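A short write-up of the structure that comes next.
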Protein chains: 2
Amino acid sequence: MRMPQNKQQIELKSQVLKIFMEYLEQNELRKTPERFAILDEIYTGKGHFDVEQLYEKMKERKYTVSRATVYNTLDLLLACNLVIKHQFGASQAVFEKAHGFKQHDHLICNKCNNILEFCDPRIQQIQNMMGDLLKFNINSHSLYLYGDPECNKEGSCKTCGKKVK
Amino acid sequence: MRMPQNKQQIELKSQVLKIFMEYLEQNELRKTPERFAILDEIYTGKGHFDVEQLYEKMKERKYTVSRATVYNTLDLLLACNLVIKHQFGASQAVFEKAHGFKQHDHLICNKCNNILEFCDPRIQQIQNMMGDLLKFNINSHSLYLYGDPECNKEGSCKTCGKKVK
DNA sequence: GTAATTGCAAATGTTTTGCATACTG
DNA sequence: CAGTATGCAAAACATTTGCAATTAC
């Protein structure tokens, strides 16, 4: 069951498609249906996802792809900045779409691993200053805040609804 | 070949030993020689290390420990805040000692994976503000900057000395 | 003595790789 | 058609787990 697409989503998808096409052409890579199906699936969904979730979603589509192709395509999309890769915990990587959304960082709930997003211009300032100071051209950063949600008196978590000890 | 220990290092080691002892006692855990040997090795070395490096260093000591014990002990040292765990890239975790050193964040060289440290009070401010705003008690953060070293005209990297394309 | 800890090896889970087949350009 | 991309399975890798032997308390 596919969600009906609104104008904005169609517009966004055509933009990212163009970017991906240009990237593939410039690098003399093939325009395979699997690659486009994966890109479309990513920009159809919302929020963060891991490789397994993406693989499962692809199964529900006409193009069932192998895990290897998912990894391969994600590498390409990383290279042309259409997705961002996160390594929140130890285990598997988490991805999110990167085009058409403003830069943001993440707060991860210690209780339920829920991910909240926030923006703060000071991070850019720190990045610029440290680049100057340490003589580096900083081209990316990752900032994760970890914490426990403030709880109401009944002892359940406001954010994730789970009981907190 | 063990480095001669100076006063400060002896002082630091006795502090962390005390903290670890107390932690073990309070949690009714055993004081095994392996655990103390690992703690000592960590606070003898400097900089960042991964599990494999620590495992190899232990081999050179009187206590050759199994990898399982290294992982187990690192978990304990994490729990009592004597080491910090980093997940810079995708693969294996990187650790560093945490007691007696001021809070800092990390800049990772894209060319050679060398790690530089820096401090900036604004990170604490961001942490406090976002905690308030999103109703979370933030208890930790990780900020990693990634970048390429500015290079001299000969094309070698100032920081890591490696040739840069 | 008894339960926790160790070491080893096997298991796990994620990501990568090799190779035969399929398909893009 | 030539060579790249795919799919599958096996390999690689860090980390975790199960279990018998050992050891702290």
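Being a predicted model, the structure only gives us computed values, none of them experimental. For the numbers below, each heavy atom of this structure counts, side chains included, while hydrogens, waters and symmetry mates do not. Numbers restart at 1 for each chain; the letters A, B, ... are given by sequence-line order, proteins then strands.
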Nearest non-hydrogen partners of B/Asp40 and B/Lys13, listed with the distance: OD1-NZ, 3.2 Å
Between D/dG7 (P) and A/Tyr63 (OH): distance, integer Å: 11 Å
Inter-end axis angle, the helix from C/dG1-D/dC25 to C/dG25-D/dC1, with every axis fitted to five base pairs (rounded, 10 degrees): 30°
Hydrophobic cluster identity match, A/Ile123 and A/Ile84, side-chain contacts under 4.5 Å: no
Residue-phosphate contact under 4.0 Å: A/Arg67 side-chain N/O, D/dA9 OP1/OP2: no
Inter- and intrachain pairs under side chain to side chain donor-acceptor pair (under 3.5 Å), touching residues 67-80 of chain A, at least two apart: A/Glu52-A/Arg67, A/Ser66-A/Thr69
Closest approach of B/Cys119 to B/His104 (non-hydrogen atoms, all atoms of both residues): SG-CB, 4.0 Å
Single-linkage hydrophobic cluster, 4.5 Å side-chain cutoff, B/Leu78 and B/Ile138 together: no
Separation of atom CD in A/Glu34 from atom C1' in D/dG7, rounded to whole Å: 9 Å
Closest contact, heavy atoms only, A/Gln53 versus A/His48: OE1-O, 4.0 Å
Nucleotide C/dT15, atom C1' - distance to CZ of A/Phe95 in whole Å: 10 Å
Closest non-hydrogen atom pair between A/Tyr43 and A/Ala98, with its separation: OH-N, 3.3 Å
DNA chain C contacts among residues 68-78 of chain A, heavy-atom distance under 4.0 Å: A/Ala68, A/Tyr71
Same apolar cluster (I L V M F W Y, side chains within < 4.5 Å links), B/Phe88/B/Val83: no
DNA chain D contacts among residues 48-57 of chain B, heavy-atom distance under 4.0 Å: B/Val51
Rounded distance (nearest 0.5 Å) linking atom CD of B/Glu41 with atom CD1 of B/Ile38: 9.5 Å
Distance-minimising heavy-atom pair for B/Phe95 and B/Lys85: CE2-CG, 3.6 Å
Short side-chain to backbone donor-acceptor contact, A/Glu150 and B/Asp132, under 3.5 Å: no
Atom pair distance, as rounded to whole Å: CD in B/Glu28 and P in C/dA4: 10 Å
Residues which pass side-chain hydrogen bond (donor to acceptor under 3.5 Å, both in side chains) with B/Tyr144, listed by chain and number, not counting sequence neighbours: B/His86
Set out, line by line, the N/O atom pairs under 3.5 Å between protein and nucleotides 19-25 of chain C.
{"unit_1": "C/dC23", "atom_1": "O2", "unit_2": "A/Arg30", "atom_2": "NH1", "d": "3.3"}
{"unit_1": "C/dT24", "atom_1": "O2", "unit_2": "A/Arg30", "atom_2": "NE", "d": "3.4"}
{"unit_1": "C/dT24", "atom_1": "O2", "unit_2": "A/Arg30", "atom_2": "NH2", "d": "3.0"}
{"unit_1": "C/dG25", "atom_1": "OP1", "unit_2": "A/Lys31", "atom_2": "N", "d": "3.0"}

For atom CD of A/Gln92 and atom C1' of C/dT16, their distance in whole Å: 17 Å
Atom pair CG (B/Leu74) and CD1 (B/Ile42), whose distance is rounded to the nearest 0.5 Å: 5.0 Å
